[in-house]
Amino acid sequence: MAAGVVVAVLVAAVVLPLTAGWSAPSGQKPVDRVLFTVGRLLAVSLAGLLVAGAVAWAQRVRRGEQHARTWLLASGGLLAVNLVVLLNTWPGYWLWDEYFAVENVRDRIFPSWQSSLTPLLFSTLTDLVPSGAVVVVFQVVLASVVGGSLMAWTWELCRRRWPVVVVTLLLLSPPVLLNNLYPLRLTTYSYLALAVLLRMVVQRLRPDAVRHPHVELALLLTGVAVLATWRTEGFLWLAAVPYLVLRLGAHRSLRGTGPRRWRAVAALAAGATALGLVFWLADTTEDPQYRYTASINPLSVMLQEPLRGDDLAGTLADLDSAVDLDVVRANPNATDVTAYWLGAVRPDAAAETGRYEAAYARLVLDNPGAFLRARWQTFAATNALDGHLAQVYGASTYTDVPRPDHVERVATSEAQGDVPRPWDRDLRASVVRGLLLVDSDGRPGPLAPLVWTAIPVLLLLAGGLVVTVLRRRWWWASVSGLLLAQALLVFVAAPASYFMYYLPTYVLGWTLLVLGAALGAHRPRPAASRTDAASAS
C-alpha cells in the first residue's frame, strides 16, 4: 500500500502542472468555475489512483497471490471481448444526450440535466484525453476490472463452478456488452454499485480479506455518496452507511486510542465530506425542469382516459400552471417524453413546481388504474414486449424517417472532433443491431423479449426476498429489498423506455441471486492462505 501511495503522489506531481494550461471557464455561472476546479483535482487524483492501483495489483500478482492472478485473468478476458466489440462499433454506442455532455464540458459548461456528476465525470476524463471516446474506453476498462473481480470472487467463494458460468454469461450478455459502450451515467453507476455490493459480500463471507478497514470504509462511503446522489433512486444506498460503519469496526476504533482511532476519524470524515460535497452539488446545480420528465410520460397517456377525482378541475388547473396540458394531451407517448421536447413545460414552471407535483400526486392517487396502465406500457416497451426498442436509432436503424435533429447532431459532433467518426458505419450498425436483436428495420426479433428483459430477475428477487425473510437471512433480504425498491422507483418515474434504467437491477440482481443460491446451500470454500484471501481488498 505504501508503494501505491508514493506512486500516486508522484503521478499527481507530474499531472498537476499539465493542468495549469487548461482554460478556465469565463463568463459562466460561479458553480461552473467551482466544478472546473473540482474537475482538475479529480483528474489529478484519478491519474494517481489508477496508477497506484495498477502498481499494487502488479505487486500482488508478482508475489504469487492466487486471487490477484485469477482477477487479472478474468479481467483480461473480459477486456479482450469488450475491446473487440468496441473496435467493431467505434467509437461506441452514442444516442443523444451524451453528444451534448461532451460539447458542454469542452466549453467548460457543467449542465445538471442528468446530475452535475455526469458532466464532472466527462470533464475529468476528457481533460486527461481530449476526446469523447475516452468515456467509452473508461467504461470498458471499468466493466472489465469490476466484472473480473466478480468472477474471481465467485470462483473463490463458491464450491461449485456453475455460479462462475452464470456470472460470466451475465457479463457477456447483449444488454451488458452494449451498455458498456453507451457513455451515460448508468453504466458507470451500475459498476460502482456492483463494486460496493461485492465488497459487502466479501466482508461478510471473508472478513480476513479486508486488509485496511479504515481505507475501505472511506472508499465505500465515498462510493455510497456518489450512488445516493447520481440517480434519484440511489438515495436508498444511504441505508448501507450505518452497516458499513459497524461492519468495518469504525465504532470500535473510535473508542480506542492512538493511530487506530485517528484512522477511523479520518475515514468517517472523508465519507462525510464526500457525502456533503455531492449533496451540495446536487442541490446547487439541479435543473428544475428535469424533474418534469418523470411525470410527463405517464401523464400524457393518462390524459387519454376519462379521469376522476373529488376536484378534478382544480387538479388539472394546478397541473396546467406549470405544464401546458393541451400539448401533453395532444402528444401521448408511453416510450418517451415527446410533449416535453415540444415545449409543454412553461417558461415560469420553476415557481409552480411544488403545486404541480402535489397535483400530480393527487391525480395518481385518484386514478391508480390509469397510472398503472400507463406505466405498464412503458415497462413493456423497456422489456421488448411491444415491438419497440427505444435504443434502436443509435444503430443508424430507424423504424420510420430518420430524425433530422439526430442526423445533424451526429454530423456536428464528428465535425467538431468531440466524437470520432466510426471506422465502418455499416459494420457498426450491423453489430449494434445484432446486440439489440433487431432486424434491419429496427424491429425486435423473437429473442429480444427473452434477452432484453429485467422481468425474470425482478420476479426471482421478489421470490428470493420472501425466502430469505422466512429463513431469517436478514442481510440477503435487506439487499434484495433494496434492489426491488430501486426498481419500483424506476417503474414509477422512468421518463422513457430505455433498458439502461434497469441496468443496475439487472446486473446486481443476477449477481445477488447467483451468490445467494450458491452460498445458501454450501459453505464458502476455505481460504488457502490469509495472503491469498486478502488480495482483493
Side-chain angles (χ1 to χ4, degrees), residues 50 75-106 118 121-145 147 171-188 191 389-399 401-442 445 448 451-452 498-500 503:
L50 290 177
S75 297
L78 288 176
L79 182 61
V81 174
N82 279 300
L83 285 178
V84 168
V85 179
L86 173 58
L87 292 175
N88 282 281
T89 59
W90 184 260
Y93 182 57
W94 295 70
L95 294 184
W96 185 248
D97 289 346
E98 57 273 25
Y99 286 111
F100 295 96
V102 172
E103 181 179 301
N104 284 326
V105 298
R106 181 200 64 198
T118 299
L121 172 65
F122 275 56
S123 175
T124 300
L125 295 172
T126 55
D127 279 338
L128 293 173
V129 179
S131 171
V134 69
V135 181
V136 181
V137 174
F138 169 78
Q139 290 183 173
V140 163
V141 174
L142 178 67
S144 302
V145 171
L171 296 169
L172 297 179
S173 65
V176 172
L177 287 177
L178 187 60
N179 277 283
N180 288 345
L181 310 179
Y182 188 17
L184 273 185
R185 58 179 169 173
L186 271 157
T187 301
T188 301
Y191 284 108
L389 277 178
Q391 300 95 320
V392 164
Y393 69 86
S396 300
T397 300
Y398 302 88
T399 54
V401 178
R403 283 172 39 185
D405 57 340
H406 179 247
V407 175
E408 180 183 359
R409 166 48 48 192
V410 173
T412 299
S413 294
E414 291 178 358
Q416 292 175 339
D418 295 335
V419 179
R421 290 182 172 85
W423 292 328
D424 188 328
R425 293 186 189 276
D426 291 338
L427 175 63
R428 175 179 179 273
S430 177
V431 172
V432 173
R433 284 198 302 269
L435 290 172
L436 286 171
L437 301 176
V438 300
D439 59 24
S440 58
D441 293 324
V451 175
W452 284 87
Y498 292 106
F499 186 86
M500 66 175 181
L503 184 64

Task: Flag, side chain of Arg428 to backbone of Tyr93, donor-acceptor distance under 3.5 Å - done: no
- [ ] To the nearest 0.5 angstrom, please state how far the CZ atom of Phe122 sits from the OG1 atom of Thr188.
- [x] 8.0 Å
Please output the side-chain donor-acceptor pairs of residues 130-139 that fall under 3.5 Å, not counting sequence neighbours, one pair per line with the distance.
unit_1 : atom_1 : unit_2 : atom_2 : d
Ser131 : OG     : Ala133 : N      : 3.3
Gln139 : NE2    : Asn180 : O      : 3.0
Gln139 : NE2    : Tyr182 : O      : 3.1

- [ ] Identify, with sequence neighbours excluded, every residue that meets side chain to side chain contact (heavy atoms under 4.5 Å, CB included) alongside Val451.
- [x] Pro174, Pro175, Leu437
TODO: Measure the acute angle between the ring planes of Trp94 and Tyr99, then classify it against the limits of 30° and 60° as parallel, tilted or perpendicular.
DONE: tilted
Task: Those residues that, when tested against Ser144, pass side chain to side chain donor-acceptor pair (under 3.5 Å) (two or more places apart) - done: Asn82
- [ ] Kindly indicate whether the side chain of Phe499, heavy atoms from C-beta on, has any atom under 4.5 Å from the side chain of Leu178.
- [x] no
Task: Between CG on residue Asn88 and CG on residue Leu83, distance to nearest 0.5 Å - done: 11.0 Å
Open item on the list: Please find the pair of heavy atoms, one from Glu98 and one from Pro183, that lie closest to each other, and give the distance.
Closed with: CB-O, 3.4 Å
- [ ] Hey, could you give me the OG/CD distance between Ser413 and Glu408, rounded to the nearest 0.5 Å?
- [x] 10.0 Å
Task: Separation between OG1 of Thr89 and CH2 of Trp423, rounded to the nearest 0.5 Å - done: 9.5 Å
Open item on the list: Within this structure, what is the OH-CG distance for the pair Tyr191 and Leu503, rounded to the nearest 0.5 Å?
Closed with: 7.0 Å
Task: Test log, rule side-chain contact (heavy atoms from CB on, under 4.5 Å), inputs Leu177 and Leu181 - done: CA-CA 7 Å; Leu177 287 177; Leu181 310 179; over 6 Å; no
Task: Minimal non-hydrogen separation, Ala448 against Leu436, with atom names - done: CB-O, 4.2 Å
Open item on the list: Is there a side-chain contact (heavy atoms from CB on, under 4.5 Å) between Val176 and Leu172? Walk through the geometry before answering.
Closed with: CA-CA 7 Å; Val176 172; Leu172 297 179; over 6 Å; no
- [ ] Answer whether the closest heavy-atom distance between the side chains of Leu184 and Leu95 falls below 4.5 Å.
- [x] no
Task: Side chain Thr187, main chain Asn179, donor-acceptor under 3.5 Å - done: yes
Task: Spacing of CG belonging to Leu142 relative to CG belonging to Leu79, to within rounding of 0.5 Å - done: 11.5 Å
